[in-house]
Amino acid sequence: MTDGPLELRVFGLDFAVNVQPERRDAVARQWHWCRPDAPSQRTIAPLPSAPHRVGRGGSSVGSESAAGLRAAGTAEVEPVDIAKTITVDRIDDAPGSGSDTGDYTLTTTLTGRAISARAGEFVMLHAGGVCDPDTGVVAGLFAASGTGKTTATQHYCTHGYGYVTDETLIFNDRRDVMAYPKPLSVLVNPGVSGVKTQHCPDDLDMAPPREGALRLGPLVLLDRIRDDARPDESVNGGDAEADATRAAPDRIDVEDDNSAGTHEPGEAELSEMPLFEALTLILPQSSAMPQIDGCLDLLARIALAGGGVQRLRYREIADTLPLLREVFTLAPQEPFWRHVPGTWWTQQPDVDPYLPLASATLDAAVTAGDGDDDRAFATREDPVASPADSAEALTNDTVLTLAPFVDALVDEDALEVLTLIGSTPAHLHGLGAVIHLTLLDGPRSLADLIDVCTATLGEHPDANALVRRAAHDLLTNRVVCVER
């Protein structure tokens, strides 16, 4: 047994972990692949807009924006110090729980501290990662909580692929990947989510990542079809770690979601997802995206460079190996959108983008020419509207403008918009997209918006009511606001 703190390296940061002497060897074994001299360690360059801390709550912006704020005297700017060793006191096990509670708490603590320290320096996705042993290309595996990321990662890495991570996929704008081969977190009781045991990848016969550089390739949504709603019956992908540590957007549901039991039995299937829809599912599985300049544009370009985002539907992960091999052969695609840089940090630099916002599930495709009486947009949660911005306050003379947003992508041909309001993605179609596109040119009255929507989408006997309702939905979800 060795005395002194346990030295680990996570996301390129050095940690000194104070572990009880009687547990040191066991914990060192669990984290063997994350020791500073481990072959899996790699250094990658940070994003060009390396962050500086500004404003309240540790929020940050890119270096150019930060320099501007410093010159204007609106915020104190302090460079992030990433050179020093971070000391972590391991939390003791709960009475009667054995060693599992403390080991799992250590995992969540290390992951959370590393994410906080690297916020804005890299893209960080709550996803598994496996690499092709010949090329070093990494497939990112993301999914909703409790749907088997670690199960999939473990299976692939015992069948020819190298283990990159089962928790946080970290990369830069050049798609260089930094491995995070943490211990795998296995549920103690498969029927109950909560405490998990930690296992060194060696103990699970997993292959390490190849020597040399790792490069991000395809992004894959794991869509596991389950017959019940129980937690994953083998290994859970560290989802509680993400819930405890990452500042993530509200989860966005889409109409063709991956609810259990909605798919007919059959072979595993692979299909490409529409990009904006896919990004609304990836963003809730990310950390600190608002702190990256042009975050939506960057993430979209990275996704297309790897061949687009693929949905992998399956019942048994063993059936998916041929499809995973196919994913690694996908050709890059060209961007098709117009990037609109956000206004959040220039209009309200001291407002924390992670403050709760209403979930903006503005994804129904009803337009003014449909003759459909449904709402123009569906909200899956009850947003809290400002009384001054209620539907009753909207008249034809009401002037609307875009609310501050972090970043946006627009596809004029498809009348589709993806925008990030704080940390909440909003996916707009039809009326919502037309209103948003119009307001990009400046504030407009509701009467003007009705005219533009009618000219764009066609005449409709209820055009006034439909546009008014769409504007109200955008107001309650903080996508637009009333010009004061």
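This structure is a prediction, so every number in the text was calculated from the model and none was measured. Count residues from 1 along the sequence.
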message: Does any part of the side chain of His429, heavy atoms only, come nearer than 4.5 Å to the side chain of Phe276, both counted from C-beta?
response: no

message: Within the 4.5 Å heavy-atom criterion, are Leu125 and Ser286 side-chain neighbours or not?
response: yes

- request: Starting from the C-alpha separation in whole Å, work towards a yes-or-no answer on side-chain contact (heavy atoms from CB on, under 4.5 Å) for Gln333 and Leu275.
  value: CA-CA 11 Å; Gln333 301 178 25; Leu275 182 63; over 6 Å; no

task: Could you pull out the closest heavy-atom pair between Ala179 and Ser40, with the gap in Å?
output: CB-O, 3.7 Å

message: Using side-chain heavy atoms (C-beta onward) and a distance below 4.5 Å, is Asn477 in contact with Thr424?
response: no

message: How close do Leu418 and Pro425 get, counting heavy atoms only, and between which atoms?
response: CD1-CB, 4.5 Å

- request: Tell me, please, which residues at least two apart from Phe122 pass ring-ring contact (aromatic ring centres under 6.0 Å, His included).
  value: none

message: So that I can tick it off, tell me whether Lys182 and Asp166 are bridged by a salt bridge, with the cut-off set at under 4.0 angstrom between side-chain N and carboxylate O.
response: yes

field: Rounded distance [0.5 Å steps], CD1 in Ile170 versus OG1 in Thr165
entry: 9.5 Å

- prompt: What are the two closest heavy atoms between Gly148 and Leu222, and how far apart are they?
  reply: O-CD1, 4.3 Å

- prompt: Does the pair Phe328 and Tyr161 meet the rule for a side-chain contact (heavy atoms from CB on, under 4.5 Å), with working shown?
  reply: CA-CA 11 Å; Phe328 279 99; Tyr161 295 93; 3.5 Å; yes

message: Could you check whether any side-chain heavy atom of Gln154 comes within less than 4.5 Å of a side-chain heavy atom of His199, counting everything from C-beta outward?
response: no

- prompt: Taking 4.0 angstrom as the limit, do Asp203 and Arg29 come out as a salt bridge?
  reply: yes

- request: Among Tyr163, Trp33, Phe171, Phe11, find the one that has a ring pair (Phe, Tyr, Trp, His ring centres under 6.0 Å) with Tyr180.
  value: Phe11

field: Interatomic distance, Asp407 atom CG to Trp345 atom CH2 [nearest 0.5 angstrom]
entry: 12.5 Å

Let me check something: any side-chain donor-acceptor pairs from residues 209-221 under 3.5 Å, sequence neighbours excluded? List them with distances.
residue	atom	partner	partner atom	Å
Arg210	NH1	Ala213	O	3.3
Arg215	NH1	Arg174	O	2.8

- prompt: For Asp37, which residues count as a salt bridge (charged side-chain N to carboxylate O under 4.0 Å, His left out) partner, sequence neighbours excluded?
  reply: Arg35

- prompt: Can you find a pair of side-chain heavy atoms, one from Leu440 and one from Arg338, that are under 4.5 Å apart?
  reply: yes

query: Can you name the nearest heavy-atom pair linking Val479 to Ala426, along with the distance?
result: CG2-CB, 4.2 Å

query: Would a 4.5 Å heavy-atom cut-off, applied to side chains only, mark Phe336 and Asp413 as touching?
result: no

statement: OG1 of Thr108 to CG of Leu106, rounded to nearest 0.5 Å, is 8.0 Å

message: As a quick check of understanding, evaluate side-chain contact (heavy atoms from CB on, under 4.5 Å) for Thr109 and Phe15, giving each step before the final call.
response: CA-CA 11 Å; Thr109 299; Phe15 285 82; over 6 Å; no

- request: Say whether, by atom type as modelled, one donor and one acceptor occur between the side chain of Arg478 and the main chain of Phe405 under 3.5 angstrom.
  value: no

task: Without swapping roles, check the side chain of Thr320 against the backbone of Leu323 for a donor-acceptor pair under 3.5 Å.
output: no

Heavy-atom check, side chain of Leu437 versus side chain of Thr456, under 4.5 Å: no

task: Considering only NZ, NE, NH1 and NH2 on the basic side and carboxylate oxygens on the acidic side, decide whether Asp297 and Arg301 come within less than 4.0 Å.
output: yes

- prompt: Which residue, Leu420, Leu304, Ile282, forms the side chain to side chain contact (heavy atoms under 4.5 Å, CB included) with Leu299?
  reply: Ile282

message: Closer than 3.5 angstrom, by distance alone: can the side chain of Asn172 be matched with the main-chain N or O of Ala45 as a donor-acceptor pair?
response: yes

query: Would Gln198 and Ser185 satisfy side chain to side chain donor-acceptor pair (under 3.5 Å), going step by step from the backbone distance to the final call?
result: CA-CA 5 Å; Gln198 309 302 300; Ser185 301; 3.0 Å; yes

task: Assess whether atom CD of Glu7 is packed by more than 12 heavy atoms of other residues, nucleotides or ligands within 6.0 Å.
output: no

- request: Ignoring hydrogens and angles, tell me if any N or O in the side chain of His159 forms a donor-acceptor pair with the backbone of His155 under 3.5 Å.
  value: yes

message: Which residue is it: Lys149, Arg311, Arg315? I am looking for the one with a salt bridge (charged side-chain N to carboxylate O under 4.0 Å, His left out) to Asp223.
response: Arg311

field: Flag, side chain of Thr329 to backbone of Glu326, donor-acceptor distance under 3.5 Å
entry: yes

field: Interatomic spacing from CD in Gln310 to CG in Leu270 - rounded to 0.5 Å
entry: 5.0 Å

message: Working to the nearest 0.5 angstrom, can you tell me the gap between Leu312 CG and Leu324 CG?
response: 8.0 Å

- prompt: With a 4.0 Å cut-off, would you call Asp103 and Arg23 a salt bridge?
  reply: yes

statement: Between the CG atom in Asp25 and the CG atom in Leu6, the distance rounded to the nearest 0.5 Å is 9.5 Å

task: State, yes or no, whether a side-chain contact exists between Thr168 and Ile115 at a heavy-atom distance under 4.5 Å.
output: yes

- request: In sequence, state the C-alpha distance, the side-chain angles, and the governing distance for Leu402 and Thr419, and then conclude on side-chain contact (heavy atoms from CB on, under 4.5 Å).
  value: CA-CA 11 Å; Leu402 288 180; Thr419 183; over 6 Å; no

query: Nearest heavy-atom pair of Val10 and Ala114: which atoms, and what distance?
result: CG1-CB, 3.6 Å

task: Taking all heavy atoms of Ala300 and all of Leu279, pick out the closest pair and write down the distance.
output: CB-CD1, 3.9 Å

